[in-house]
Amino acid sequence: MQIIDFSGGLNTKLSPNLISSNESVVCNNVDLSAGKIRPLKGLTPTVQTIPIGNDKFTRFKGNYLSGDLSTSFVEFNGALYKSSSSSGISKTTDGINFYELGLNAPTTKPSVSTSFSITFTFSDKAGTAVPEFTVGTYTYLIAYKTIAGSVKYKIQTYNYTGTAGIRLTISSMSNIEYVRLYRLYETKYRYVGESTGSTTIDDTVYDISAKASTTPYEQGLGTRNYVYTYYSSISGIESAPSPASDDLVVDINNVSITGIVPSSDASVDAINIYRIGGTLTSYYLVQAISKTSTSYTDIKSDLQVLDNDIMLETSNLIKPPSGLKFLTEYNSAIFGAVGSKLYFSNSGLVDNWLADNWIALPEDITGLGATQNGLLIFSRNKTWILVGTDLSTYSKYLLSGNQGCIAHNTIKYVENNLLWLSLDGICVSTGGNIEVLSYKKLGKLNLEPIVAEVYENQYYLFHTTGTLVVDFREGVRFYTLSLIARGAYYNYTFDKLYILQPNNIGMYEYNQGSNLTYNFKTGWIAEGGVTNYKAYKNIYIYSVGTGQVKLSLDDSLVSTVNLVSGLNDIKLPQSDTKGYFIALEFIGSNEIVEVNLVSEGRQNGR
C-alpha cells in the first residue's frame, strides 16, 4: 500500500482503522501545506519585549501596547480603544498618550441671578404753582425699556399735597433705553413725558386729554436656564451637562452665574457654559471659561450667542462603565459587557455613550463576536444574536441554548466564520446555526484556553498544555503544536504572528526559527481490512534527512528504526512480521515523502 499524502490532519474521534490514510492520530508540529510530513519551524526572537503579566498585546502607530488577559483592544477611525476588567475605556490616537473615554458630568447646578433693579419715587415738585393740580391721589403708569429690549411697566399711586406739580425720580438710568410716564386721566392712561437719560420726569400740566393714551404692555427677554459641562481639548471629549439652574426671568443681558464646581479630572482644561430661553430654543454655548473658574457674568444677547452657533450635544452622555470587558466593534459602534448587561456607544460616534444604551441579558456575558449577520453575545452555555442599528432597532434572538463561549479571548473571525471555544469544543457560526466544528474529528474537547489568534487562514488556540490549530487552507484540518504561549498577536502590517512565552519577556516571531521536532502517527493501516491477517515483507520509506520511525503491529511496538536520508528499506523482525494492521509513528525534523507497505494476505484461509 502506497501513501503519498499526509495532509489530512488529526482524527482522534474515530477508531484508528476508520480514519483516512492521509489522516493521523498524532499530528504535532507538522506543516500540512505540502502534503508530505515536514516540520514547522520554531520561534525567532525579536528586539521587542512585553512585560510578564501583560499577556494581551497589540501594535498601534508603531508602538506595542499591552495589558493583562482581560484587556480588549479595538481600532476605529484612526484611534485605538482599550479596556480591561479593572478600568474604564481609554483612547489613543498616537499610540503613546491614552485618555480615559468620557468625563463625569458636573453634579451641582449653577446659581443664577441678575443685578438689575429699578425703583420709581414720586414727590411734590417745588417751584411755580400749578393751580390746576389739586390736592389728591393720582395714579400713574410707568413704562420702561431696557437696552436689552425688555419692556416692563409699573402702576403706582401718589398722594399729592403740593402746589407746583408732581416729580418722578428714577433710581438709575443704567441699562435703560427709556422711561415713559403716563397718568390716569378720564379713565385712560395718557402721556405725561419721558426720559432717555435724566433721572426725573415732571408732571406740571393737569389737563392731558389731548395726549396719546396707552394700555399696560410688557415684553420680556424670557426665562433663562443655564448648565455647564467639562471639556478636554486634548481628547476632544465633553461631559454631559450639569443639572439646570433655576428659572431666571431676565430683563437685561447681565446674569451672574455662580456655584460652578471645577472638575477633579486632570484632563479637563475648560468649562463650557450653555443657556436656553428667550429666542434660544435649545442650549447654546455662551462661553468657555477656565477649568478653575467658579463664576461667570453673562452679558451676551441672544443674537451674540447664536453667532457662536454651537449647540449642546452631550445631553444624556455618560462615562462608559468601569470594568467594561470584551470590547467589540459592530456596525460602527463599540460594544462591551459588565455582568449580564451589554453596553454600547452611539453608532459612528463611538466616543459618545448614552445612559440608556444598554441591554440586559438573562445570564452573565462571557464574550462578544461580530459576524456579517449580527453581533453574537455569549454566556457560558448559550448564544444570542443582536441585529439592528441603534437602541430603537436592536433585537436579540437566542441562537443556541446549549453552546456558549467559555473565554472571550478565544473568539476570532476567519474565512467568513466566527470561531470560539465552548464547553464541547471549537464552535463556528456565520451568524446562523452553530456547529461544534471540532467534534467530528476530535470529539469533545476539554481545554483551558489562554488566547486565540488567526494567521494564514489558520485558527490558533493556545491553551495551558499546548496549541490546537484549525487549518482552513484546504478544507478544514486539525493539528497540534507543542508550543505553550502566554500571549499571541497577528500583525497585519508585517503579516507575522508574534508569540509571548511563559516567564519570558521576549517577543518571538512564529515559524521562522530552526526546524521543530515533529510527531506524526498514522491510524491502523490494514489493507484488506483488520480481519485480513497479513505478513509484512518490506516497508519502504523515502526520507529527506535523518529521523526515526516506530513500527507497531496490532498496536504493539515491534521495531524502532533510525531513518537515513533517501530510500529506507525496512524489514520487521522475523518473529514480528505477521498481524492484522500496522501503524507508523514518525519523530524528527526530517521530511517523509512516501511510505510503501508491501504485505501478503493469508492464502487458502490461513
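Partners of D265 under the side chain to side chain contact (heavy atoms under 4.5 Å, CB included) rule, at least two apart in sequence or in another chain, are L103, S263, S267, V268. For the side chain to side chain contact (heavy atoms under 4.5 Å, CB included) test, residues two or more places apart in sequence or in another chain that qualify with N402 are S400. Under the ring-ring contact (aromatic ring centres under 6.0 Å, His included) criterion, Y459 pairs with no residue, sequence neighbours left out. Taking the ring-ring contact (aromatic ring centres under 6.0 Å, His included) definition, one finds that W384 meets it with nothing, sequence neighbours left out. With sequence neighbours excluded, the residues satisfying ring-ring contact (aromatic ring centres under 6.0 Å, His included) with Y460 are Y510. For L445, the side chain to side chain contact (heavy atoms under 4.5 Å, CB included) partners two or more places apart in sequence, or in a different chain, are I426, S438, L442, L447, L468. Looking at residues two or more places apart in sequence or on another chain, you find a side chain to side chain contact (heavy atoms under 4.5 Å, CB included) between N346 and L349, N352, L354, N357.
N373 and T371 are not linked by any side-chain donor-acceptor pair at a separation below 3.5 angstrom, with hydrogens and angles left out of the test. Between the side chains of S556 and D554, no donor N or O sits under 3.5 Å from an acceptor N or O. A donor-acceptor pair shorter than 3.5 Å cannot be found between the side chains of H408 and T410. Inspection of the Q48 and Y508 side chains reveals no N or O donor paired with an N or O acceptor under 3.5 Å. Residues T517 and N519 bring no donor and acceptor atom of their side chains to less than 3.5 Å of each other. Donor-acceptor pairing under 3.5 Å is recorded for the side chains of N28 and T480. Looking at K41 and N511, their side chains never bring a donor and an acceptor atom within 3.5 Å of each other.
With a 6.0 Å radius and a threshold of 12 heavy atoms from other residues, nucleotides or ligands, Y439 has its OH atom at or below the threshold. Other residues, nucleotides and ligands place no more than 12 heavy atoms under 6.0 Å from the CD1 atom of I4. Within 6.0 Å of the NZ atom in K61, the count of heavy atoms belonging to other residues, nucleotides or ligands exceeds 12. Environment of CZ in F494: crowded, with over 12 heavy atoms of neighbouring residues, nucleotides or ligands closer than 6.0 Å. Within a 6.0 Å radius of CG in D495, more than 12 heavy atoms belonging to other residues, nucleotides or ligands are found. Heavy-atom neighbours of D569 CG from other residues, nucleotides or ligands within 6.0 Å: above the threshold of 12.
Residue pairs meeting the salt bridge (charged side-chain N to carboxylate O under 4.0 Å, His left out) criterion with at least one partner in residues 429-450, sequence neighbours excluded, are E23-K441, D424-K444. Contacts classified as ring pair (Phe, Tyr, Trp, His ring centres under 6.0 Å) and involving residues 27-71 (residues at least two apart or in different chains) are given here: F57-Y489. The stretch residues 319-328 participates, sequence neighbours left out, in these side chain to side chain donor-acceptor pair (under 3.5 Å) pairs: E100-K319.
Between R486 and D55 there is a salt bridge, with a side-chain nitrogen of the basic residue lying less than 4.0 Å from a carboxylate oxygen of the acidic one. Ion pairing between E363 and K382 holds under the 4.0 Å rule for side-chain N and carboxylate O. D68 and K56 are not joined by a salt bridge, as no carboxylate oxygen comes within less than 4.0 angstrom of a charged side-chain nitrogen.
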Practice task
Report the C-alpha separation of R380 and S422 in whole Å, then their side-chain angles, then the decisive distance to 0.1 Å, and conclude whether the side-chain hydrogen bond (donor to acceptor under 3.5 Å, both in side chains) test is met.
Solution key: CA-CA 7 Å; R380 190 166 174 83; S422 77; over 6 Å; no

Problem - Check against side-chain contact (heavy atoms from CB on, under 4.5 Å), I377 and L342 - result: CA-CA 9 Å; I377 309 167; L342 177 71; 3.6 Å; yes

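Taking OG from S482 and CG from L516, the interatomic distance works out to 6.0 Å, rounded to the nearest 0.5 Å. Separation of atoms OG (S395) and CG (L386) is listed at 7.5 Å; rounding is to 0.5 Å. Atoms OG and NZ, on S552 and K550 in that order, are 8.5 Å from each other to the nearest 0.5 Å. We find the OH-CD distance between Y533 and E600 to be 13.0 Å, quoted to the nearest 0.5 Å. Separation of atoms CZ (R59) and CE (M507) is listed at 8.5 Å; rounding is to 0.5 Å. One finds the OG atom of S232 at 6.5 Å from the CD1 atom of I237 (value rounded to the nearest 0.5 Å).
Without hydrogens or angle criteria, N409 side chain to L69 main chain gives a donor-acceptor distance under 3.5 Å. Within the 3.5 Å criterion, the main-chain N or O of T577 finds no donor-acceptor partner in the side chain of Q574. A distance-only check finds no donor-acceptor pair linking the side chain of N54 to the backbone of I50 [under 3.5 Å].
Considering all non-hydrogen atoms of both residues, A526 and V530 come closest at CB-CG1, 3.7 Å.
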Side-chain donor/acceptor pairs under 3.5 Å, residues 540-549, sequence neighbours excluded:
from, atom 1, to, atom 2, distance (Å)
S543, OG, G545, O, 2.6
S543, OG, N590, ND2, 2.8

Identify each donor-acceptor pair in which a side-chain atom of residues 450-457 lies under 3.5 Å from a protein atom, sequence neighbours left out, and give them as a table.
from, atom 1, to, atom 2, distance (Å)
E453, OE2, Y490, N, 3.3
N457, ND2, E415, OE2, 3.4

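Each of F344, W358, Y343 was checked for a ring pair (Phe, Tyr, Trp, His ring centres under 6.0 Å) with F335, and the lone residue meeting it is F344.
Aromatic rings of F378 and F326 (six-membered ring for Trp) have centroids beyond the 6.0 Å cut-off, not under it.
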